[in-house]
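Here's the structure we're looking at; comments come further down.
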Amino acid sequence: MPRRLLVTSALPYANGAIHLGHLVEYIQTDIWVRFQRMRGHEVHYVCADDTHGTAIMLRAEKEGITPEQLIARVRDEHMHDFAGFHVGFDHYGSTHDAQTRAVVEDIYRKLRDDAKLITTRPVEQFFDPVKSLFLPDRFIKGTCPKCGAKNQYGDACEVCGSTYNPTDLIDPYSTVSGATPVRRSSEHWFFQLGRCEAFLRPFTQDVRADGTWFLEQPEARNKIREWFDAGLADWDISRDAPYFGFEIPDAPGKYFYVWLDAPIGYLGSFRHLCDRDGGPDFADFTDPQRAQAAGTELVHFIGKDILYFHALFWPATLHFAGYRPPTHVYAHGFLTVNGEKMSKSRGTFITARSWLDLGLDPEWLRYYYAAKLNASMEDIDLNLDDFVARVNSDLVGKFVNIASRSAKFVVERFDGVLADVPASQWPDDLPPRTELLEQIARHYDARDFGKAMRDIMAVADTFNAQVDRVAPWVLAKAPGEAVRLHQACSQFLDGFRFLAVALSPVLPALAARAGAFLNDPSMQRWEAAERPLPAGHRINTYEHLMTRVDPKRIAALVDANRDNLQPAAPAAVAAPSTPEPAVVTDTAPATPVPGDAPSAVAPVAPTISIDDFAKIDLRVARVAEAHAVDGADKLVKLILDVGSEQRQVFAGIKAHYTPEALVGRHVVMVANLAPRKMRFGESQGMVLAASFDGGGGVFLLDLDPGAAPGMRVK
RNA sequence: GGCGAAUUAGCUCAGUGGUUAGAGCAGCGGAAUCAUAAUCCGUUGGUCCGGGGUUCAAAUCCCUGAUUCGCCA
């Protein structure tokens, strides 16, 4: 029977760029979702931006825009990043929308009026008298009471490691205004978590009738048990104005704390899906009785840092508000890069955007994560040397190579038509075909992607060894061996197809290309791998499916993410839309002072019609490679990615830009200019740049973030 | 400080009481030349963090120490 799943990834905060650490979770969830879909299950995968809180409010203020403008921009960036890594949400919402607000208010009213779990009492907090703002701990700094270190945060000292309350700080100051905060009391609203223990303890600690657990990971259950043992305290769910969020009903000037509405954003986002024509029924997934009858599941993928919220507050608020609590929470570990915490100064705080902008294949990362992920909460390490070796060896050397070394024979010798491959013809040194497939499926289902990848690569190894043993290149030269050659290559392609199906959840784009090559739309289903394509099936010409990772490009990625700037003052704004540091800091030509322009401004050329202008096909292109040209005074050789193809262009900008500074940036090119033979090769287009005729610098056109190779400029 | 997790080959990791601890990559030696240098065969390499204990049997269970990383609402 098909499962009916509502699956979520945790909501990223609308205050910064998506980086490789975030992507562990979205890629993990997306792989699991794609796998479940291939197996024929009904899956709704939703997420949203987490948009509320003091930090968003202050950030917008600094940028001189409204919080609504800030979160709209960041959401747009986040959605681009996720799409770039093939994370396929069915809906990507925002916690700041009517759908989420409606569920927040409904849950709150039921907790207050029906469950009677809301209470109020005054709380004394630091208050910034200049900004008229209650200050969260992270916006207060001062001198450590233990060791005397200056400029320490309100909760812990980074120098001596001791922890304390913000009120213990010596000479505290507000990082927002610099003012000395004062103590002020205010009424706060609380959710009485302590009264939920009778529900929460068995819910989180006991195995269910069907043998499953809310928390399948024993280490997660242990962690939660620790918190029970420490005692559950009431949870402060209110914040005072000014605050960016939802106002609490019947409590003017009081707002819901961001962590109350963040998980409710899952349901708000899901509501959008339900409101579409033919969408799922909201109550089937949220009402306890309806959900039970419909057999639906609610599954959350999260980082281990937010287990507390998802395993205690969230089930409690849902349950006591008359909603169905989640069926599963899966927590994963953090990402380290080269064995250490991600670091801006080391360049290992790598953003999703920089990965995509530098033209690195997102599926390289998806595969590497899959190979490292298991069902536990352990951290995983992205070792960049290992990454290059692993992706090149497994994906290019093993997997893609099987198709690459057998397709040509089938296409050239047998007109692309496959020979009969009996389903029973499966390498002896592997487990039986369907058994192996089920084993891999169990690993995927249990989120043991690393085990799945190991099993899959063992198949690739076996087939490569078989190709060597059969030696089709020998058969091809031997007269009378055509039948054996045909059968052997068809069998190798069957092995490749098996692998492509098994890897589809991890490598959806590559699998789609493999499906196009094999001319086989059925590969979107897991069962497609159970048996070979029928004899007589015609495949298409093989085109290379994946290129190798060049270690130099990984080095360039790290360079692009390295923060070379002086440590910024806390007040400094780092807009996420800032172009790549490599572009703005490297060898930028001296800014000419207007009065210094060495020559007169040229007169405007004769008027042309819009039709004349339309003849020029201007395209956004990404500089994939840039090389100095030996023997040329002015030229730089550029390899431009214009989306559909690559162009070689010689640009006369050597005096103004170093090749290193150009790689990865976007430029505007004339795409339909007649190719021109030059001494060093053919130039297939022209890159637009501004200059005065008499000299004084050449300035390439820059593009705002979001522009992608192949877009037409008009 | 309290609690928890981790530590296995040069690297990344499997391996939760049962032969002589495994894989991939890297290294070394050979083969092959179909494949966008991609492959195959063979091979080197380990005090399973240190110490103690339980057991017929320990990488695996217990105690203890070291180091690293988390969590402490």
Side-chain angles (χ1 to χ4, degrees), chain A residues 137 146 155-156 160-164 191 193-194 217-236 257 259 303-313 331 333-336 338-341 368-369 371-374 376-413 443 448 450-458 460-477 485 488-489 492 496 542-548 550:
Chain A
D137 292 357
K146 301 269 169 55
D155 49 355
C160 70
S162 57
T163 57
Y164 41 77
F191 173 66
L193 185 68
Q217 299 160 307
E219 64 269 39
R221 296 199 295 272
N222 291 343
K223 196 79 212 166
I224 296 297
R225 192 178 315 120
E226 274 180 42
W227 284 321
F228 282 123
D229 296 344
L232 301 179
D234 289 353
W235 181 34
D236 187 347
Y257 174 43
W259 259 111
K304 62 183 181 181
D305 53 326
I306 54 175
L307 185 62
Y308 190 82
F309 293 99
H310 283 79
L312 295 176
F313 295 135
F334 293 149
L335 179 74
T336 55
N338 292 336
E340 299 180 355
K341 268 188 195 174
Y368 191 74
Y369 281 173
K372 298 300 272 288
L373 277 167
N374 58 36
S376 82
M377 281 167 42
E378 286 166 34
D379 292 353
I380 67 168
D381 184 46
L382 167 60
N383 180 290
L384 292 171
D385 293 336
D386 183 55
F387 167 81
V388 173
R390 184 118 196 197
V391 168
N392 286 343
S393 168
D394 286 1
L395 292 185
V396 184
K398 293 178 180 179
F399 167 54
V400 161
N401 192 226
I402 295 169
S404 166
R405 62 196 308 206
S406 39
K408 204 178 80 179
F409 292 112
V410 173
V411 169
E412 291 185 359
R413 297 283 294 266
H443 292 325
D448 241 331
K451 283 201 177 96
M453 294 308 106
R454 276 197 295 281
D455 284 348
I456 288 168
M457 282 309 141
D461 282 340
T462 302
F463 271 90
N464 272 310
Q466 198 151 74
V467 174
D468 265 61
R469 222 173 305 127
V470 173
W473 56 94
V474 174
L475 295 179
K477 287 174 193 146
L485 175 69
C489 289
F492 304 150
F496 170 75
Y542 175 81
E543 286 171 32
H544 75 277
L545 291 167
M546 181 172 264
T547 55
R548 296 169 66 77
D550 182 348

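Throughout, a chain's letter reflects where its sequence line sits, starting with A, and its residues are numbered from 1.
- Residue A:A465 is in sugar-phosphate contact alone, with no base atom involved, counting any heavy-atom pair closer than 4.0 Å across all strands shown.
- A parallel orientation is assigned to the rings of A:F496 and A:F399, their planes being inclined by less than 30° (bins at 30° and 60°).
- Contact annotation for A:G231: base contact, defined as any heavy-atom pair under 4.0 Å involving a base atom.
- Atom CG of residue A:N222 and atom CD of residue A:E219 lie 8.0 Å apart, to the nearest 0.5 angstrom.
- Taking CG from A:L382 and CG from A:N338, the interatomic distance works out to 7.0 Å, rounded to the nearest 0.5 Å.
- The nucleotide whose nearest atom lies closest to any side-chain atom of A:K223 is, among B:C3, B:A35, B:C40, B:C3.
- Nucleic acid contact for A:F309: none, since no nucleic acid atom lies under 4.0 Å from a heavy atom of the residue.
- For A:F399 and B:A35, the CZ to C1' distance is 15 Å, given to the nearest whole Å.
- With respect to A:K372 and A:D381, no salt bridge is recorded, no charged nitrogen being found less than 4.0 Å from a carboxylate O.
- Sorted by first and then second residue, the salt bridge (charged side-chain N to carboxylate O under 4.0 Å, His left out) pairs involving residues 400-410 of chain A (not counting sequence neighbours) are A:R405-A:D468.
- At a threshold of 4.0 angstrom between heavy atoms, the contacts of A:K341 are confined to the sugar-phosphate backbone, with no base atom among them.
- For the atom pair CE of A:M457 and CG of A:N464, the computed distance is 10.5 Å after rounding to the nearest 0.5 Å.
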Dot-bracket summary - RNA chain B, pairs being Watson-Crick or G-U whose distances fall under 3.5 Å, with | when paired to another strand: (((((((..((((....[...)))).(((((.......))))).....(((((..]....)))))))))))).
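- You'll find that the side chain of A:F334 is closest to B:G70, out of B:G70, B:A35, B:A32.
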List, with names and distances, any nitrogen or oxygen atoms from the protein found under 3.5 Å away from nitrogen or oxygen atoms belonging to nucleotides 10-13 of chain B.
| from | atom 1 | to | atom 2 | distance (Å) |
| --- | --- | --- | --- | --- |
| B:U12 | O3' | A:K372 | NZ | 2.9 |
| B:U12 | O2' | A:K372 | NZ | 2.9 |
| B:U12 | O2' | A:D386 | OD2 | 3.3 |
| B:C13 | OP1 | A:K372 | NZ | 3.4 |

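- Across the P atoms, B:U33 and B:C49 are found 45 Å apart, a figure rounded to whole Å.
- Counting non-hydrogen atoms under 4.0 angstrom, A:L232 reaches a base of the nucleic acid.
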